Q: 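One structure follows; several queries about it will come next.
Nothing here was measured: the structure is a model prediction, and the numbers come from that model.
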Amino acid sequence: MSSTGKVVKISGPLVVAEGMRDSNMFDVVRVSEKRLIGEIIEMHGDRASIQVYEETAGLGTGEKVVSTGEPMSVELGPGLIGSIFDGIQRPLDDIRKICGNSLERGIDVPSLKRDRLWNFTPTVKVGDSVKGGDIIGTVPETDIVLHKILVPEGAEGVVKEISEGDFHVDDIVCTLATENGDKKLSLFQKWAVRCGRPYKKKLSPDMPLITGQRVVDCLFPIAKGGVASIPGPFGSGKTVTQHQLAKWADADIIVYIGCGERGNEMTDVLNEFPELIDPHTNKSLMERTVLIANTSDMPVSAREASVYTGITIAEYYRDMGYSVALMADSTSRWAEALREMSGRLEEMPGDEGYPAYLGSRLAQFYERAGRVISNGTVGREGALSVIGAVSPPGGDISEPVSQATLRIVKVFWGLDSNLAYQRHFPAINWLTSYSLYVDSLADWYNNNVSADWTKLRARFMEILHDEAELKEIVKLIGMDALSAKDRLKMETARSIREDFLHQLAFHEVDTYTSLKKQLYMMKLILGFNDKAVEAVGKGADAEEISGLAVREKIGRFKYVPEENTDTEFDRISMEISAEIDRLLYREEK
């Protein structure tokens, strides 16, 4: 039910209105003659505290407030892919056509273009029974995304009429005969952003999201439908890492949310994404991407809405049966928006001024990820993986946002400023990072890549951790105090770091590594180590073994094109054996 009140108090983006007794929590309201959009976030009697998503400068007490009677919702239908929205799903390109480069307050633009025609092909016929989640037809949204038109949740009936041809998103394409009369369906539906879309069943996370990034796929994998966090200080590579995941991850749809990052970073995203070529289809990456831009100079309260807008759009494509990857950059800015609004509401603060409910709000966001069977007569398997960047001040992850996030997510890719200063990218620290999906994904890797995968990964991790301990010894008493085997272990660890974990995002070959090639790289590095240890046991010199020419070929294997990896792997494996055998033969003589 809609109601009308008047403004009695203004505090930045927070407006308090009286006379709103008939309104509900989270109702969308329009404030003043300028029709500023806002949302009710607190109710006391007939007083409503309203979070206004636009600049409130110039507002005065006594201004009229009108409730729409509906919660904050997004429009879900053809036209989402390739679009750039602000935090409350207003299309920035359409706004620019109306008011130029300066965003005007109170502007009301439909989220989905009403003047564009879409070719609708029915997949059901008159007389068919359908219910919420069923597909009634398809629309080719882009060259690579087939948009499936879903029956809205809660609707159930028999198809009475259905049309085929070109339609606008708000045209009626289907009529259902239901118990409560006819229900007309268009190409789009609305969904309240703070309410997760339902599904039939959640599946276990036993299938990896392949990213082509070696440190991720091999050491700290994320499952399809999993949740991951990338905390790191300024300049450590959070944004580039998320770009790499967006470009190369084994996902059908990418939703990228810039919730509060600096304007120049988001500008880079907006400029680069349309130019990036999707390696899976050779089309523009924007043909499977939705961008939501809410930079740090845009209204602070809209940052909070942007993550809900983004994840609702992602759930919608998940329900179609697609694998969706959502990047949130960064959740720290979102949490800062929560802190500001909590302070203006005069709530009891928690750690560092953040609201006491920070952890539960983060959990509500991340728990909407998952691999699920969708609703409908015939359920479809879809996945929504969420990767959130965290920007702790000074890189200190002991602050509340990082700690609350770590209690929720299953994968922690900790970016290290020291690695970034050494130009080691991705700067994911292998000693502090972890993945709780390793055990649940082990069977998939062993069955689909190699039976040795889990053992090889475990050996990599063991060598890297041993290197950290040996480095402490070297600092105290020097390298000469180490045994020959320990010196070889240090060399193997260096090879793992420099040849395997270091990956060039801007190199045409090294930017992506298939699981097969990653397996070959592990086998070459560990194969050389095993041969070298055996040779040292027979009297060979460890320093001489470390200086063999084949070491450089192992290091340059990552630049070998995918189609040549089989031949090159066999050749280098033979060279390792031949060079070490020659060394041993000389020692024996």
Side-chain angles (χ1 to χ4, degrees), residues 203-226 228 241 244-245 247-252 279-280 323 325 371 381 383 385 387 410-411 413 426 428 430 433-464 492-493 495-497 499-505 507 509-531 553-574 576:
L203 303 174
S204 61
D206 54 13
M207 182 186 301
L209 180 71
I210 308 301
T211 67
Q213 311 307 300
R214 295 187 289 269
V215 66
V216 173
D217 292 341
C218 177
L219 299 190
F220 311 111
I222 177 174
K224 274 192 177 177
T241 303
Q244 282 293 94
L245 296 174
K247 183 177 180 182
W248 292 106
D250 180 25
D252 304 308
H280 304 294
S323 172
R371 189 163 66 96
E381 184 182 312
S385 312
I387 299 161
K410 300 294 180 66
V411 181
W413 296 319
I428 295 174
W430 46 89
S433 301
Y434 61 82
S435 170
L436 301 182
Y437 294 119
V438 170
D439 292 338
S440 59
L441 298 176
D443 288 343
W444 189 95
Y445 279 112
N446 291 338
N447 294 332
N448 292 275
V449 187
S450 168
D452 297 331
W453 179 278
T454 306
K455 293 177 184 175
L456 295 173
R457 179 203 173 272
R459 286 192 63 192
F460 260 34
M461 292 300 296
E462 182 184 359
I463 290 169
L464 289 169
T492 302
S495 183
I496 293 171
R497 288 188 284 105
D499 303 334
F500 188 85
L501 299 181
H502 181 268
Q503 190 166 359
L504 296 173
H507 189 281
V509 174
D510 197 34
T511 185
Y512 177 87
T513 307
S514 67
L515 294 182
K516 178 182 175 184
K517 187 176 176 182
Q518 290 182 41
L519 176 69
Y520 283 164
M521 293 175 74
M522 287 194 285
K523 283 186 171 180
L524 286 176
I525 293 169
L526 294 175
F528 181 86
N529 175 74
D530 294 342
K531 288 274 186 185
K553 293 177 181 175
I554 294 172
R556 298 196 64 78
F557 183 76
K558 61 184 177 182
Y559 302 122
V560 174
E562 293 282 345
E563 61 270 16
N564 300 334
T565 51
D566 290 336
T567 307
E568 193 66 13
F569 172 74
D570 292 339
R571 191 177 67 80
I572 295 175
S573 298
M574 291 170 63
I576 291 171

Q: For Gly212, is there any backbone N or O sitting under 3.5 Å from a side-chain donor or acceptor partner on Asp217?
A: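 Checking the backbone N and O of Gly212 against the side chain of Asp217, a donor-acceptor pair under 3.5 Å is found.
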Q: Could you grab the distance from atom CH2 of Trp430 to atom CZ of Phe460, nearest 0.5 Å is fine?
A: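 Between atom CH2 of Trp430 and atom CZ of Phe460 there are 12.0 Å.
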Q: Considering all heavy atoms of both residues, which atom of Val509 and which atom of Val560 are nearest to each other, and what is their separation?
A: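 Distance-wise, the nearest heavy atoms are CG1-O, 3.6 Å.
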Q: Might you work through the side chain to side chain contact (heavy atoms under 4.5 Å, CB included) test for Cys218 and Trp453, ending with a clear yes or no?
A: CA-CA 9 Å; Cys218 177; Trp453 179 278; 4.2 Å; yes
Q: Can you give me the closest heavy-atom contact between Trp248 and Tyr512, atom names plus distance?
A: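 Shortest heavy-atom contact: CE3-CD1, 3.2 Å.
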Q: With side chains defined as the heavy atoms from C-beta onward, is the minimum distance between Leu501 and Ile496 less than 4.5 Å?
A: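 Leu501 reaches Ile496 side chain to side chain.
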Q: Quick one: does Lys558's side chain have a donor or acceptor within less than 3.5 Å of a partner on His502's backbone?
A: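 Yes, because the side chain of Lys558 sits within donor-acceptor range (under 3.5 Å) of the backbone of His502.
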Q: How many angstroms lie between atom CD1 of Ile554 and atom OH of Tyr520, to the nearest 0.5 angstrom?
A: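 Between Ile554 CD1 and Tyr520 OH, I get 15.5 Å after rounding to 0.5 Å.
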Q: Is there side-chain contact between Pro426 and Gln503, with heavy atoms separated by less than 4.5 Å?
A: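 Yes. Closest side-chain heavy atoms under 4.5 Å.
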Q: If you measure from the Lys or Arg side-chain nitrogens to the Asp or Glu carboxylate oxygens, is any gap between Asp510 and Arg214 under 4.0 Å?
A: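 Looking at Asp510 and Arg214, the cut-off is met.
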Q: Does any part of the side chain of Ile428, heavy atoms only, come nearer than 4.5 Å to the side chain of Leu219, both counted from C-beta?
A: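 Side-chain contact under 4.5 Å: no.
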Q: If you define the side chain from C-beta out and look only at heavy atoms, does anything of Arg457 sit under 4.5 Å from Val438?
A: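 The answer is yes; the side chains approach within 4.5 Å.
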Q: What's the shortest heavy-atom distance between Leu209 and Ser323, and which atoms?
A: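 Nearest pair, atom of Leu209 first, then Ser323: CD1-OG, 4.5 Å.
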Q: Identify the heavy atoms of Pro221 and Ser435 that sit nearest to each other, and give their distance.
A: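 The pair with the smallest heavy-atom distance is O-OG, 2.6 Å.
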Q: Is it the case that the side chain of Ser385 and the backbone of Ala325 share a donor-acceptor pair, with hydrogens and angles ignored and the cut-off at 3.5 Å?
A: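 Checking the backbone N and O of Ala325 against the side chain of Ser385, no donor-acceptor pair under 3.5 Å is found.
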Q: Do Lys523 and Leu519 come close enough that some side-chain heavy atom pair is under 4.5 Å?
A: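 Heavy-atom side-chain distance check passes, below 4.5 Å.
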Q: Run the numbers on Arg497 and Leu464 for side chain to side chain contact (heavy atoms under 4.5 Å, CB included), then give the verdict.
A: CA-CA 8 Å; Arg497 288 188 284 105; Leu464 289 169; 3.9 Å; yes
Q: Given side chains that start at C-beta, do those of Met521 and Thr513 come closer than 4.5 Å, heavy atoms only?
A: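 A side-chain contact under 4.5 Å exists here.
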Q: At what distance, to the nearest 0.5 angstrom, does CZ of Arg571 lie from CE of Met574?
A: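 So the gap between those two atoms works out to 10.0 Å.
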Q: Please report the shortest heavy-atom distance between Gly225 and Ala383, naming the atom on each side.
A: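 That closest heavy-atom pairing would be N-CB, 4.0 Å.
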Q: Side chain to side chain contact (heavy atoms under 4.5 Å, CB included) between Asp206 and Asp443: does it pass, once the steps are laid out?
A: CA-CA 8 Å; Asp206 54 13; Asp443 288 343; over 6 Å; no
Q: Are Gln244 and Thr211 linked by a side-chain donor-acceptor pair shorter than 3.5 Å?
A: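 Looking only at side-chain atoms, Thr211 and Gln244 do not form any donor-acceptor pair under 3.5 Å.
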Q: Let's go through Val449 and Trp444 carefully: what are the C-alpha distance in whole Å and the side-chain angles of both, what is the deciding distance for side chain to side chain contact (heavy atoms under 4.5 Å, CB included) to 0.1 Å, and is it a yes or a no?
A: CA-CA 8 Å; Val449 187; Trp444 189 95; 4.0 Å; yes
Q: In Å, rounded to the nearest 0.5 Å, how long is the span from CZ of Phe500 to CG of Leu526?
A: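 The distance works out to 9.5 Å.
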Q: Do Leu504 and Tyr559 touch side chain to side chain, with heavy atoms closer than 4.5 Å?
A: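 In contact.
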Q: Before you tell me yes or no, could you show the steps for Glu462 and Arg459 under salt bridge (Lys or Arg N to Asp or Glu O under 4.0 Å), namely the whole-Å CA-CA distance, both residues' side-chain angles and the distance that decides it to 0.1 Å?
A: CA-CA 5 Å; Glu462 182 184 359; Arg459 286 192 63 192; 5.8 Å; no
Q: Just how far is it from atom CD1 of Ile525 to atom OG1 of Thr492, taken to the nearest 0.5 Å?
A: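 So the CD1 of Ile525 and the OG1 of Thr492 are separated by 8.5 Å.
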Q: Please check this pair: side chain of Trp413 against backbone of Phe220, looking for a donor-acceptor N/O pair closer than 3.5 Å.
A: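 Indeed, once roles are kept as given, a pair shorter than 3.5 Å links the two residues.
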Q: CG of Asn447: more than 12 outside heavy atoms within 6.0 angstrom?
A: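 Yes, CG of Asn447 has more than 12 neighbouring heavy atoms, counting only those of other groups under 6.0 Å.
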Q: Minimum heavy-atom separation for Lys224 to Pro208, with atom names?
A: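 Residues Lys224 and Pro208, closest heavy atoms: CG-O, 3.7 Å.
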Q: Please report the interatomic distance CG(Leu524) to NZ(Lys517), rounded to the nearest 0.5 Å.
A: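 Result: 11.0 Å between the selected atoms.
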